[in-house]
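Working notes, structure below.
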Amino acid sequence: MQPDKAPFQIDIDEILRSKAGPKAKRIPRFIVAWLKRRLHQDQVNDFLRIIGDKEGVPWLKGCLDFLDTKLEVKGLENLPSDADGRRFTFVSNHPLGGQDGVALGYVLGTHYDGRIKYLVNDLLMFLPGLAPLCIPINKTGKQSRQFPAMVEAGFSGDDHILMFPAGLCSRRRHGVIRDLPWNKTFITKSVQHQRDVVPIYFSGRNSNKFYTIANLCKMFGLKFNLAMLYLVDELFKNQHKTFEVHIGRPIPWQTFDRSRTATQWAAYVQDIVYQLKP
């Protein structure tokens, strides 16, 4: 009898070595220790031990259970049928950067029997339970040249696509918490592959500390997204909460004609998403 396979564990040291190569040795140990605390390495590994070898939608369900996240989903009747082979693009605001992605993947993955893929930061590929649902995207570094091809592969595939077109989670500007302007990719690719677009609004917000850090990064022109390091903090701060999901009616891909630019159509859909807010 073979021994049970050891559960996957997050190893910040290994991640740094894989991303930075030999330069990882130059990173001071106190910074590495700070990263482990900030990214909640021990708590995340506790979850990974509990979740075991689950993958895909069951993994997402386990994550929601671990975080004690409750969902109130409204508009399920607006989810279109894919029995005729059609595939759709689901787009949502991105208020949290954690639970929203997990929750929407679970809702859509459950409804469509696992036929859902995220376009995500390639760092999330370090989570093997999530990896089967992901199309890894890295606009910088070695993968930057592969970015268009990876997006094309996702949209030409046989899965529904879930996107957060802002790229980053919502920011607070002038006292209003809202996504940054949406990227046009979901418009151009949905038209190219004749995918209707389904708008979704997700409730919730991060802490004042997070928005302050994000705004300071912008003020000082920092190229490194320091706020992203605090997203795991926000994940645990948002434990034991209930979030609302509002699903809107599908927008036919033919809507996105040449009467507006793709960027203008992206802004149009973003406005529709925020109009779903009760």
Arg87/Asp159 under salt bridge (charged side-chain N to carboxylate O under 4.0 Å, His left out): CA gap, chis, key distance, verdict: CA-CA 7 Å; Arg87 295 297 177 256; Asp159 295 298; over 6 Å; no

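- When atom types are taken as modelled, the side chain of Trp182 and the backbone of Trp265 share no donor-acceptor pair closer than 3.5 angstrom.
- Remark: Asp82 engages Arg115 in a salt bridge, criterion side-chain N to carboxylate O under 4.0 Å.
- The OH atom of Tyr274 sits 4.5 Å away from atom CG of Asn93, with the distance rounded to the nearest 0.5 Å.
- Nearest approach of Ser156 to Ala153, heavy atoms of both residues: OG-O, 3.3 Å.
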side-chain contact (heavy atoms from CB on, under 4.5 Å) assessment of Asn206 paired with Leu231: CA-CA 9 Å; Asn206 285 323; Leu231 285 179; 4.2 Å; yes

CA sep, side-chain torsions, deciding dist, call: Phe90, Ile161, side-chain contact (heavy atoms from CB on, under 4.5 Å): CA-CA 6 Å; Phe90 297 89; Ile161 297 294; over 6 Å; no

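- Annotation for Thr188 and Ala262: closest pair CG2-CB, 3.7 Å, computed over non-hydrogen atoms.
- Summarising the local packing, NZ of Lys241 is surrounded by more than 12 heavy atoms from other residues, nucleotides or ligands at distances under 6.0 Å.
- Cluster note: Val176 groups with no other residue, as no ILVMFWY side-chain heavy atom lies under 4.5 Å from it.
- Using a distance-only test at 3.5 Å, with no hydrogens or angles considered, no donor-acceptor pair links the side chain of Tyr118 to the main chain of Leu133.
- Rounded to the nearest 0.5 Å, atoms CZ (Phe202) and NZ (Lys277) are 14.0 Å apart.
- Side chain to side chain, Glu72 and Thr242 fail the donor-acceptor criterion of an N or O pair below 3.5 Å.
- Rounding to the nearest 0.5 angstrom, the gap separating the CG atom in Leu180 from the CD atom in Gln270 is 8.5 Å.
- Gln99 places a side-chain N or O within donor-acceptor distance of the main-chain N or O of Asn238, the cut-off being under 3.5 Å.
- Heavy atoms only, all atoms of each residue included: Gly248 and Asn78 are closest at O-CB, 3.3 Å.
- Residues His40 and Asp233 form a side-chain contact, since some pair of their non-hydrogen atoms from C-beta on lies under 4.5 Å apart.
- At least one donor-acceptor pair under 3.5 Å links the side chain of Thr110 to the backbone N or O of Tyr106.
- One finds the CD1 atom of Ile12 at 12.5 Å from the CZ atom of Arg38 (value rounded to the nearest 0.5 Å).
- A donor-acceptor pair under 3.5 Å is formed between the side chain of Asp100 and the backbone N or O of Gly98.
- Put simply, CD1 on Ile187 and OG1 on Thr263 are 9.5 Å apart, with the number rounded to the nearest 0.5 Å.
- Judged by the 6.0 Å distance and 45° axis criteria, Arg195 is not positioned over the aromatic ring of Trp253.
- Under a cut-off of 6.0 angstrom, the local environment of CG in Asp11 is crowded, with over 12 non-hydrogen atoms contributed by other residues, nucleotides or ligands.
- A salt bridge links Lys189 with Glu152: the closest approach of a Lys/Arg side-chain nitrogen to an acidic carboxylate oxygen falls below 4.0 angstrom.
- Relative orientation of the Trp59 and Phe47 rings is perpendicular, given thresholds of 30° and 60° on the angle between their planes.
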Criterion side-chain hydrogen bond (donor to acceptor under 3.5 Å, both in side chains) on Glu234 and Ser207, from CA distance to verdict: CA-CA 7 Å; Glu234 299 300 319; Ser207 68; 2.7 Å; yes

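- Between Leu229 and Ile213, the closest side-chain pair of non-hydrogen atoms is not below 4.5 Å.
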CA sep, side-chain torsions, deciding dist, call: Ile51, Phe66, side-chain contact (heavy atoms from CB on, under 4.5 Å): CA-CA 9 Å; Ile51 202 68; Phe66 180 78; over 6 Å; no

Atom pairs and distances, donor-acceptor, side-chain atoms in residues 162-172, under 3.5 Å, two or more places apart:
residue : atom : partner : partner atom : Å
Ser170  : OG   : His94   : O            : 3.3
Ser170  : OG   : Asp179  : OD1          : 2.6
Arg171  : NH1  : Cys169  : O            : 2.9
Arg172  : NH1  : Asn208  : OD1          : 2.8

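- Distance check, rounded to the nearest 0.5 Å: NZ of Lys184 to OG1 of Thr261 gives 7.5 Å.
- A salt bridge between Arg17 and Asp13 is absent, with no side-chain N of the basic residue lying under 4.0 Å from a carboxylate O of the acidic one.
- The environment of Lys36 atom NZ is dense: over 12 non-hydrogen atoms of other residues, nucleotides or ligands sit within 6.0 angstrom.
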Evaluation steps, side-chain contact (heavy atoms from CB on, under 4.5 Å), between Val102 and Leu67: CA-CA 11 Å; Val102 172; Leu67 295 169; over 6 Å; no

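- Separation of the Phe210 and Tyr230 ring centroids does not fall under the 6.0 Å cut-off.
- Classification of Asp158 and Arg86 as a salt-bridged pair fails, no side-chain N sitting under 4.0 Å from a carboxylate O.
- With Gln9 contributing its side chain and Asn45 its backbone, the two residues share a donor-acceptor pair below 3.5 Å.
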